[in-house]
Every structure is written in C-alpha cells, then in structure tokens.
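Here's the structure we're looking at; comments come further down.
Atoms within a ligand are numbered from 1 in the order they appear, just like the ligands themselves. Starting from 1, each residue takes its place in the sequence as its number.
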Amino acid sequence: MSKEIIVSGIRPTGNLHLGNYLGAVSNFVKMQYEHNCYFFIADYHSLTTHPNPADLHNNVKQVLVEYLACGLDPEACTLYIQSDLPQIPELYMMLNMHANLGELERVASFKEKARTQPNNINAGLLTYPVLMAADIIIHKATKVPVGKDQEQHLEMARTFGNRFNRVYQKEIFPEPYAFNYGQELVKIPGLQGGGKMSKSDGDGNVINLIDTPVIIRKKMSRAVTDTGPTEPNTQPSAAVQNLFDIMKLVSTADKLEHYKNLYANCAIRYGDFKKDLAEDMLNFLQPIREKIIDIQRNEMLLRKVAQIGKEKANESANKTIQECRQAIGFKSF
Ligand code: ADP
Ligand code: TRP
C-alpha cells in the first residue's frame, strides 16, 4: 500500500470522550504507523466561540495530554498545535480571496450555528470551511479521517484547492477525501438515548476518558433505558439499543450475547445490565486514565512533544506556502 498524507484535527473544547476515542483517536493511532500523518489540536478553530485565554490554554494542554495517553506517538506522526503554524492563517487568507460569500452561506454547519447562536454570527464562523481547507491542504493531504458530519467541509477543501490550482495555473494541491479506517464509520451513541455521544448534549451524555470509576458508575446508572420488554424477541428501544452498541465495543461477545438473550426472553434487569456495562467500561478506560494522570504532570514531555511537532509541521507547511507565494506572484527583490 502506498503511503497517504493524512491530516486531522480536533477542536480543544474540553476533555475527550469515549466517542472521540473510538470514533477518531483510536484510528489515528493505527494510521500513524502506516501513513504520513499530521494530527493537530485545532485551537484557531475554537476562537469562533471566544474562549477566555486560560480556558483555551488548559483545553489545548488537555487534548495534547489525552492524545498522548491514547497512544499517539510523536515519533511516528507529526503531532502539533495548529496555532504553531503561521502558514495556516496565511493560506487561509489566500484561499479567502477566492471563496464566495454565497457558497459559504450555504454550508450546513454555518446555517446551523447562525440559527443556534444568532448573537455571534462572526466572519470566522462563515469562513470556518476555508480555515479547515487550509489545515488540510497545507500538507497536501489526500486523506482526512473525520466523521460524516465533516463531509461537506471536505468537499469545500477540494473546491478551494482546485480553484487555487486553476486560478494560478499550478498543480499544487491534490484532492483530499474523507477516510474511514476499517470499513464502516463508527458512531458511538450517547447515554441519554440521543443519537451520538457528544459533549454538546451535556456531560451526562458522555463518558470522558478522564472520568473516575465513581463518575462512570454514576453516569451509567443514570443512562436512559425504557420500561423493559413485555413480549419475547422484540426490537429494543433506541436508548437500550445504544447501550447494547456500547457494550459491543467494551465488553466480551459472550457477555453481550448473555444480555441480548435475557432481553429476548424478557428477563433482563436493566440495573444489573448497566452495572455490568459500567465495570467493563471503566476497565476499558482505566489504562488510558492512568496515562492521562501521569502525562498531565510531565510538563517537560509536553513541552518537548509540542516543540518537535511544531518543527516537523512547519517544515511541511513552509514548503507548500512557498509554492503558493510563488504562484501568486509574491517574489523578493
Ligand atoms: P463533540 O460532538 O463531542 O463536540 P467533536 O465534534 O469535537 O465531538 O468530535 C471530534 C472528533 O471525534 C471528530 O472526528 C468526530 O467525528 C469524532 N466523534 C465525536 N463524537 C463521536 C461519536 N459519538 N462517535 C464517533 N465519532 C465521534
Ligand atoms: N471541523 C473539525 C471538527 O469539528 C475539526 C477540524 C478542523 C478538522 N480542521 C480540520 C478535522 C482539518 C480534520 C481536518 O471535528
């Protein structure tokens, strides 16, 4: 298999949760040994919501710690903080000159934000897909591991890259495509019966990697179920199906089978089921949590990792930005 150039980032908005891990970061860990990977913490992107400086810094640090605890290896991949790359805002500015208001206004994520936060419809929000395109094409990425919700943004990254190539008559950027490791896309459901585990639905809906056993047990005991099956072999409700889906990921196949049989025979006791699931979940997360606590204290390691990532990512970004400057006609005298 030939090596792909892979880029992906996560906005630093708090602790990573099980959905982030199983849906994204665990795949990054596998990819890093097979491809040329750039993984970053998207702190420029988080400015759209105006975080205060201390929170921003803590969140960036926390994601860096958690990336490392999940197994990202700064020797194998390029792991960096987005704001350590001034080439990204430079490319973003160049791409913005060829991005049309109409096409940006039609982006689903912008329309959604404009509806949900009418008091903060800033230009950064409008041009979010341009910044994301710059993140991706600055390293000439061909594959981008992201969830389904990001597909429209990727399409725009292709549009902006192709447009730049066409306008300046240079084949600088290849087309980046969404990439799912393995076959199907994993969507980790939430605990409150909702579609996906997401921090925007509140802390009770997510299991964070850093959650203590006490917290995990408490959240699991409050996970939404239903009144129970009344007839044999019926389809579980969405909320109960969610818990089965989670169990499939953290428990043994035998255990899952055991509870499915109890359900099919109307003999399931949700209290026991959730307790058992909580224990498997905390055992699954225990090694990651221990590493988080360990790495959190290791300021020297974090400084070193950030520095190495910054140097490697700058090298790649510098090459591309020089090509863009040339293509545009910026030349030194
Ligand atoms: P959140 O919805 O909690 O704000 P983000 O949107 O910041 O999470 O997601 C960061 C990364 O984690 C993305 O690549 C996304 O696809 C992945 N991800 C988030 N939640 C899930 C989930 N429930 N299942 C699978 N992947 C997820
Ligand atoms: N928009 C992505 C999200 O919300 C985060 C992101 C920013 C990203 N830049 C990126 C993901 C570049 C992949 C590649 O999840």
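Under 4.0 angstrom from ligand 2, there are no non-hydrogen atoms of Leu131. At a heavy-atom cutoff of 4.0 Å, ligand 1 is contacted by the side chain of Arg11 but not by its backbone. Counting heavy atoms under 4.0 Å from ligand 1, residue Ala24 touches it through the side chain alone.
Here is the list of ligand 1 atoms found below 4.0 Å of a heavy atom in Lys187: 24 (N), 25 (C). Atoms of ligand 2 lying under 4.0 Å from at least one heavy atom of Asp135, given by number and element, are 7 (C), 9 (N), 10 (C), 12 (C). The contact set between ligand 2 and Gly9, taken as ligand atoms under 4.0 Å from a residue heavy atom, comprises 5 (C), 6 (C), 8 (C), 11 (C), 13 (C), 14 (C). Every atom of ligand 2 with a heavy atom of Val146 under 4.0 Å away is listed here by number and element: 11 (C), 13 (C). For ligand 2 and Phe40, the ligand atoms under 4.0 Å from any heavy atom of the residue are 9 (N), 10 (C), 12 (C). Within the listing of ligand 1, atoms 20 (N), 21 (C), 22 (C), 23 (N) sit less than 4.0 angstrom from a heavy atom of Met197. Here is the list of ligand 2 atoms found below 4.0 Å of a heavy atom in Val144: 13 (C), 14 (C).
Ionic pairing of Arg158 and Glu155 is not present here: no N-O contact between side-chain nitrogen and carboxylate oxygen is shorter than 4.0 angstrom. Contact check on Glu279 versus Arg217 returns a salt bridge, with a Lys/Arg side-chain nitrogen under 4.0 Å from an Asp/Glu carboxylate oxygen. Under a 4.0 Å N-O distance rule, the pair Asp203/Lys219 qualifies as a salt bridge. Ion pair Lys61/Glu299 flagged as a salt bridge, since at least one NZ, NE, NH1 or NH2 atom sits closer than 4.0 Å to an Asp/Glu carboxylate oxygen.
Taking only nitrogen or oxygen atoms, main chain and side chain alike, His153 does not reach within less than 3.5 Å of ligand 2. Distances between N or O atoms of Ser8 and those of ligand 2 include no value under 3.5 Å.
The protein heavy-atom contact nearest to atom 4 (O) of ligand 1 is Lys199 NZ, 3.5 Å. The nearest protein atom to atom 2 (O) of ligand 1, hydrogens excluded, is given as Ser198 OG, 2.8 Å; this is a heavy-atom distance. Tyr128 OH, 2.8 Å is the protein heavy atom nearest to atom 1 (N) of ligand 2. What sits closest to atom 27 (C) of ligand 1 on the protein, heavy atoms only, is Gly19 O, 3.4 Å. Annotation: atom 16 (O) of ligand 1 to nearest protein heavy atom, Gly147 N, 3.4 Å. Nearest non-hydrogen protein atom to atom 2 (C) of ligand 2 is Gln150 OE1, 3.4 Å. For atom 25 (C) of ligand 1, the nearest protein heavy atom (residue, atom name, distance) is Val186 O, 3.2 Å. For atom 23 (N) of ligand 1, the nearest non-hydrogen atom of the protein is Ile188 O, 2.7 Å.
Within the 4.0 Å heavy-atom cutoff, His17 counts among the residues contacting ligand 1.
By the 4.5 Å heavy-atom criterion applied to side chains, Leu209 and Asn20 are not counted as neighbours.
Side-chain contact check for Asp272 and Tyr259: no donor-acceptor pair (N or O, by modelled atom type) lies under 3.5 Å. In the model, Gln307 has a side-chain atom that pairs as donor or acceptor with a side-chain atom of Glu311 under 3.5 Å. With hydrogens and angles left out, the side-chain atoms of Asp245 and Gln241 include a donor and acceptor closer than 3.5 Å.
Nearest approach of Asp211 to Arg289, heavy atoms of both residues: O-CD, 3.2 Å.
Remark: Lys312 fails to qualify as a cation-pi partner of Tyr80 under the 6.0 Å distance and 45° angle criteria applied to the six-membered ring.
Both Leu101 and Met94 are part of a single hydrophobic cluster, where members link through side-chain heavy atoms under 4.5 Å apart. There is a path of hydrophobic side-chain contacts, each under 4.5 Å, that joins Phe173 to Ile328.
Proximity annotation for atom 5 (P) of ligand 1: of Asn20, Asn27, Leu18, Asn20 comes nearest, heavy atoms only.
The side chain to side chain contact (heavy atoms under 4.5 Å, CB included) check on Gln150 picks up Met132, Val146, His153, with sequence neighbours excluded.
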Show me the donor-acceptor pairs within less than 3.5 Å that the side chains of residues 37-45 make with the rest of the protein, sequence neighbours left out.
from	atom 1	to	atom 2	distance (Å)
Asp43	OD1	Ser83	N	2.9
Asp43	OD1	Ser83	OG	3.4
Asp43	OD2	Ser83	OG	2.6
His45	NE2	Asp135	OD2	2.7

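At least one protein heavy atom sits closer than 4.0 Å to atom 10 (C) of ligand 1.
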